[in-house]
Amino acid sequence: MVDASLPPEHAESADLDELFRQEAEGITERLDLLLSAGTAEASGEALRLAHTLKGLAVATSTHSLRDLARNLEQALVEHESEGGRPEAIRQAIDAARGLIAGERGAQAAAREASAALERRAEVRRSGAPWARRALLRRVNVQLGETLVHGAARLADLRQGRDSLPARLVVARQIELIGAALGLCGQASTSALTLQFAAFLSERVPAHGGFEAAQRALEVLATERDNDEVDGSLVPGVLRTVEALRVSVPRRQDEVREGFRVSFPWPDVDDPGDLLRALERQTAGQVILDARPRRVGSRELEGELGIAPQRRRKREEEGFVRVPRRRLDRLLRLAEQLVVAKAEARDLARKLQRLSASINEAPPELHRLARQARHHDRELDHLVRATQKGVLRARLVTARSFLGLVRMTVAEFLSRHPDREVDLELVGGAAEVDKGTLDALVEPVLHLVKNALLHGVESCEERLATGKPRAAKVRVAIKSGSVGVRIELSDDGRGLPQDEASPSGQILLLASSDEGPALAVNGEGREVTDDAGRGVGLLTALERVRSLRGRLALESTPGKGTTVRLVVPPAVGTARVLLIRSGSEYYALPLGEVESVVDVTGPEDAPPTAQTRVRLTALVGAPAQPERRRRAASAVHDRRKRDRFAVRLRPLLGDSRSTAPLPHAAGGLELIVDDVLRRDLVVVRPLGRRFARPGVAGAAVLGEGRLVLVLDPWQLFLSQQTPSSLGIRLPQREDTKP
Amino acid sequence: MSVVRVLNVVAGGRQFALEIGVVQGIERPRRWARLPLAPSYVLGVCEIGGTVVAVVDLAARLGLEAGPESHTGGVVLLDSAEAVGLSVEAIDGVGELDLEAGVDLGPTGRAAGARGLGSGGRILLESEPLVDGRPLTSLREILGDAWKGSE
């Protein structure tokens, strides 16, 4: 028998249908169980079962089930990496069960479940930088088209030829674009667009409104060309938002501070959804028909009088757009110049030694040696300047990055009116490699959302616990020789205490394959669009790990959480301390070194509260062929051993702080055989396939030696377990009745 | 399979071949550094033309004992997703390998880093499994008698 909900175009017998039905029912039952198990093996098995289900549906030509199973399969692939038990997957399994059993309305339920899975996949894809850029380009095209209407409606308003329905339609379109821009990460442009939409939807603007709106159009037309992140126009945008806000008093109540704006779609976190809505409203007919005359964006710019001015500015400042790969190529050439310079220096030194060693050497030889030395110094200066110049060309300021943080906070607060945040952003002038900064956007925004949702309490709750009404959230970014350091802190409720360790106070996350990593269990927490499944923190950790960085987290219940994130330079120079351990040479970033203590003399430094570890124990013994090992150890035996303790800066906070830091996280000393010198090196990253935890990259020294640049903390943490780190958690304070 | 152009190399005292299309160059790097905590078959990293290249010891990777070093040894740079090279004991030049009369080892062979067995007992290597860091099955076990025959 064939059910109507399963149209079997080629079903040949009732027996076959029954067989299919039994098999498919068994699969859905097992899928449900496997997803409940939540293990990696179970996820893999579920994926195989979904594949089988799809095969069965294809074999029996049951198209609706085939489509559903295909989307389910795709969702399970993502589920394997993301974990959890998404609602969309559960619904899809239920719908599949309904289809197989031939329940009434099963087809509609299956279509809905399929669409939900597709939306889910699109959300995931929209998180990818390329997808985000593609979406942004589409939004920007829409913005350009719609701005023309905005300008026309503004002109109508000014001249008293207002057509309310047309104006509201345009306002609604601009509002949608604003929301989509916000979800694409165009923070300030989104704020301005939304505020401009609010202005257009008002019938009688206040005094100065037209000027503010015209200024908004100018800024938007300029911003529209920026398809990366909000650029240097942010301050101007904010001023314009402020002016528009004043011109639309009705909205004033909704804007409490900064440029917080009313976000019209609280349940949507997918730019794709908004784009579909936007396209429904604007695609083809709506825009073209509503337009009084076709005005190109160039014409609009001419009308607004901004194009000539902008071009002049660019010409004056001499900006050119250069693909990043060209800069990378220049950097590689500059690095090769370092190697060539090292060899030239070697030759110059040899020549000088030769001239000094020969009695009655011809004066010409002395002169050549002097000249070689002089040219070597000159070359050294030029090479360093070249390197520095090329590196600077890749740097961008962190202003736009912090703008995204600001927008994320603003957008969150607009959806959570019971919370207030005093946001402090530090380090906008820090210059960071653009590639690194782009890669950090996602994990940092994850952490910000985590802090807002799980850390920051409602105003009422804060007042009840004696805290100020507004929570303090601080995001600071700093760039230095160690790389990029980002610190995110809040004075909220802190991370929930671990049930297994009820007195849990400090948690530590280290980025390594085998090192301690704390999985934050999202169970029992509020699951919303923002966060709650517990994967946000781990996703951030994974991204930081892929950038060879590390993430440390300190949390005290009731007092707040601080997350510190360090990512080594993608490429770039670093000031390092060169050290010897055994027969090998390494470089430690100077920014990580607090001091160096000679531990061989009679005035040995007194034992400190810091953990001491031999570097050889961390990097392991070299596995050399026997004949090489004998030669190397003979040389090594003649050298001094364990002469210095390199004291590292503490991983978490200030070592002098009274905060209950874990023992090892408070301080670490590396015992090394020798400390050679400070140097400025170009750090070249290792490929991901061979990157080891604790190795930030490699560098060629002036004398031509290749050394590994270590991240000592990461190297140490990667070989520890949480218990060996000394994470001893203080007892919970007695609670008074 | 038919006739393929190959680079003939020696590792662990045994003849191997790499399809010429995957070879980016042959280098004898001077600057090396050991990579801490890396698998034993990773010799270390070296600097070649401004790039840091990870080098895999082919003999160790295939579970063979190191053979005698020769002046024709070097690092074969591979066309791979990341800068990586294979250290070999000797490079015997470019030649052709007729696999018609040989054995296509299929997926089982690829899991051991080999694509096929050519006439004359030379083993055509599959480069990616050799450098992707995953465990390799034993080539000796897969080839069985053919392994002895190729010695």
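Predicted model only: the values in this text are computed from it and were never measured.
At a 4.5 Å heavy-atom cutoff, the contact between B:Ala38 and chain A is made by backbone and side-chain atoms alike. Looking at B:Val42, the atoms closer than 4.5 Å to chain A (heavy atoms on both sides) all sit in the side chain, from C-beta outward. Only the side chain of B:Val56 comes within less than 4.5 Å of a heavy atom in chain A; its backbone stays farther off.
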Checklist entry - Is there a side chain to side chain contact (heavy atoms under 4.5 Å, CB included) between A:Val695 and B:Leu37 once you walk through the steps? => result CA-CA 10 Å; A:Val695 179; B:Leu37 311 171; over 6 Å; no
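With a 6.0 Å radius and a threshold of 12 heavy atoms from other residues, nucleotides or ligands, B:Arg28 has its CZ atom above the threshold.
Taking both residues in full, the closest heavy atoms of A:Leu708 and B:Arg34 are given as CD1-O, 2.9 Å, listed atom of the first, atom of the second, then distance. Shortest non-hydrogen contact noted between A:Leu706 and B:Ala33 is O-CB, 3.7 Å.
Applying the side-chain hydrogen bond (donor to acceptor under 3.5 Å, both in side chains) rule to A:Arg614 yields the partners A:Asp642; only residues at least two apart in sequence or on another chain are considered.
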